[in-house]
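The structure appears right after this line, and notes come after that.
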Amino acid sequence: MKTKINFNIAVIGLGYVGLPLAIEFGKFFNIVGIDIDKKLINNLKNNIDKNNFIKKNDFKKSKYIKFSHNYNDISNCNIYIITLPTPVNEKNKPDLTIIKKSLKKISFLLKKNDFIIFESTVFPGATEEEFIPLIEKFSKLKNNLDFSVGYSPERINPGDKKHTLTKITKIISSNNNFCLKVMKSIYGKIISKKLYVAPSIKVAESAKVIENTQRDINVAFINELSVIFNKLNINTYEVLKAANTKWNFLDFQPGLVGGHCIGVDPYYLSYKSLKTGYKPNMILSGRKINDDFPIYISKTILNILKKNYKNLQTCRILILGYTFKENCNDFRNTQVRKILNYFIKKNLNVHFSDPYLKRSIIDVKYKKYFREYINLDLLKYNFIILAVGHNQFKKINLRNLYKNRVEIFDIKNFFNKKYISYSL
Ligand SMILES: NC(=O)c1ccc[n+]([C@@H]2O[C@H](COP(=O)([O-])OP(=O)(O)OC[C@H]3O[C@@H](n4cnc5c(N)ncnc54)[C@H](O)[C@@H]3O)[C@@H](O)[C@H]2O)c1
């Protein structure tokens, strides 16, 4: 293989992971960002990030970047970085179709001495068992001889302004040293923290998937505690606050686990575990607890409403916050939807609102329940469910709501307790 190369990088999939990465690389290297979403590409060409994480100035600083929806525009690249979605199907089994389809296209463009680096979250073994054979088949080239493969999981946390891409330790891995050297050169240029070289691709894949699985299990444990303490009539947050005074108590809070990562990645690990014949009981029961938690919350609220209202129809309910997490516009797999659906099915008078969402992107089915946050009169409601702790909600005049007998169920322990009627 060549020892001195010019890096021409392609980043495939310009979503939450791919776009920030492409923008950073574009400050130093020739780069083409590819996405099949034409509207997204047009916006990016006009320096618009629909997620609003990348500001106009960042686009300007990324001098060497080009955007395209056409794979032919990456035929001159020699490094292909995959940041494509890795969802689960309706049976919660890993669905690698998006990556596989893209790899087929890339394989036809692949040249001798090129590199493919995966950043998507996968199960241990996916890169070597699923992806490399497919690339070899369609490119007719041999891994480690004609081309190289690396894996470097992304750890960013959208909405988190502290732990941004360039400030967090990045794991890199490959089964060939030259590829590792290239990965060190490119990632080393944009990451201010040290790079961590994992001993193998499988170790790096496993590390990523357990980071999110650990989080899922920890939240599941706290969610289970909140069910127990609710039955005992003890405030969970007060218990956690007291327990957190111990130096080694882990600080997790109850909550809704949705989105594209924490609620999905444990299924990737359990899929692989089940393949070996071992049923990962703790991982799967954690998933079940977290998946059932929105219904538990809905039932708890319904019981409160039944006690407080003779005619449930007279209670105007507002769900405040709909995205899967705070300070972020991503509402894929949001668990708040389960709460909304529960109240809709019960034929209750329910609306939902979120400062990060506009009517135009709300599913037709839910439009009539949606209210734009900007026009919202909170005093019109009798019962507010705080489902997501967006910073914007800090400006709400709680005292006024309290004075006007608007009751609040605070799932997130977000508001001043003085004005809150119910929490977990
Ligand atoms: N979102 C996160 O917080 C996060 C954090 C760490 C890791 N990850 C992992 O990173 C990966 C990507 O996640 P994401 O959240 O950025 O996904 P995303 O859905 O935000 O972005 C994926 C992009 O890929 C595009 N795309 C789909 N098919 C394509 C194709 N064939 N060719 C080109 N583009 C295509 C989509 O249009 C979309 O813009 C996943 O494996 C995820 O688990 C995500």
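All ligand and atom numbering here is 1-based and tracks the order in the structure. All values reported here derive from a predicted model rather than from experimental measurement.
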Note the single closest protein heavy atom to [atom], along with its residue, its atom name and the distance in Å.
| atom | answer |
| --- | --- |
| atom 41 (O) of ligand 1 | Thr86 OG1, 2.6 Å |
| atom 2 (C) of ligand 1 | Cys261 SG, 3.7 Å |
| atom 5 (C) of ligand 1 | Ile156 O, 3.3 Å |
| atom 3 (O) of ligand 1 | Pro158 CD, 2.9 Å |
| atom 24 (O) of ligand 1 | Gly13 CA, 3.4 Å |
| atom 1 (N) of ligand 1 | Tyr16 CB, 3.6 Å |
| atom 38 (C) of ligand 1 | Asp35 OD2, 3.4 Å |

- Task: Could you tell me whether the side chains of Tyr64 and Asn8 share a donor-acceptor contact shorter than 3.5 Å?
- Result: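 No, because no side-chain N or O of Tyr64 sits under 3.5 Å from a partner of the opposite role on Asn8.
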- Item | Over all atoms of both residues, closest heavy-atom pair of Asn235 and Tyr237 |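 What the structure gives for the nearest pair is OD1-N, 2.8 Å.
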- Item | Residue part near ligand 1, for Tyr71, under 4.0 Å between non-hydrogen atoms |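 The side chain, only.
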- To which of Ile82, Leu14, Val17, Leu84 does the heavy atom nearest atom 8 (N) of ligand 1 belong?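 Of the listed residues, Val17 has the closest heavy atom.
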- Task: Just go through Lys50, Lys105, His260, Arg332 and tell me whose heavy atom is the nearest to atom 18 (P) of ligand 1.
- Result: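 Among Lys50, Lys105, His260, Arg332, the closest heavy atom to atom 18 (P) of ligand 1 belongs to Arg332.
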[Y] and [X] aromatic ring geometry - parallel, tilted or perpendicular at 30°/60° bounds:
| X | Y | result |
| --- | --- | --- |
| Phe414 | Phe393 | perpendicular |
| Phe131 | Phe118 | parallel |
| Phe115 | Phe178 | tilted |

- Task: State whether the shortest distance between N or O atoms of Thr121 and N or O atoms of ligand 1 falls below 3.5 angstrom.
- Result: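 Yes.
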- Message: Are any of the N/O atoms on Glu154, whether in the backbone or the side chain, positioned under 3.5 angstrom from an N/O atom of ligand 1?
- Response: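 No: no nitrogen or oxygen of Glu154 is under 3.5 Å from one in ligand 1.
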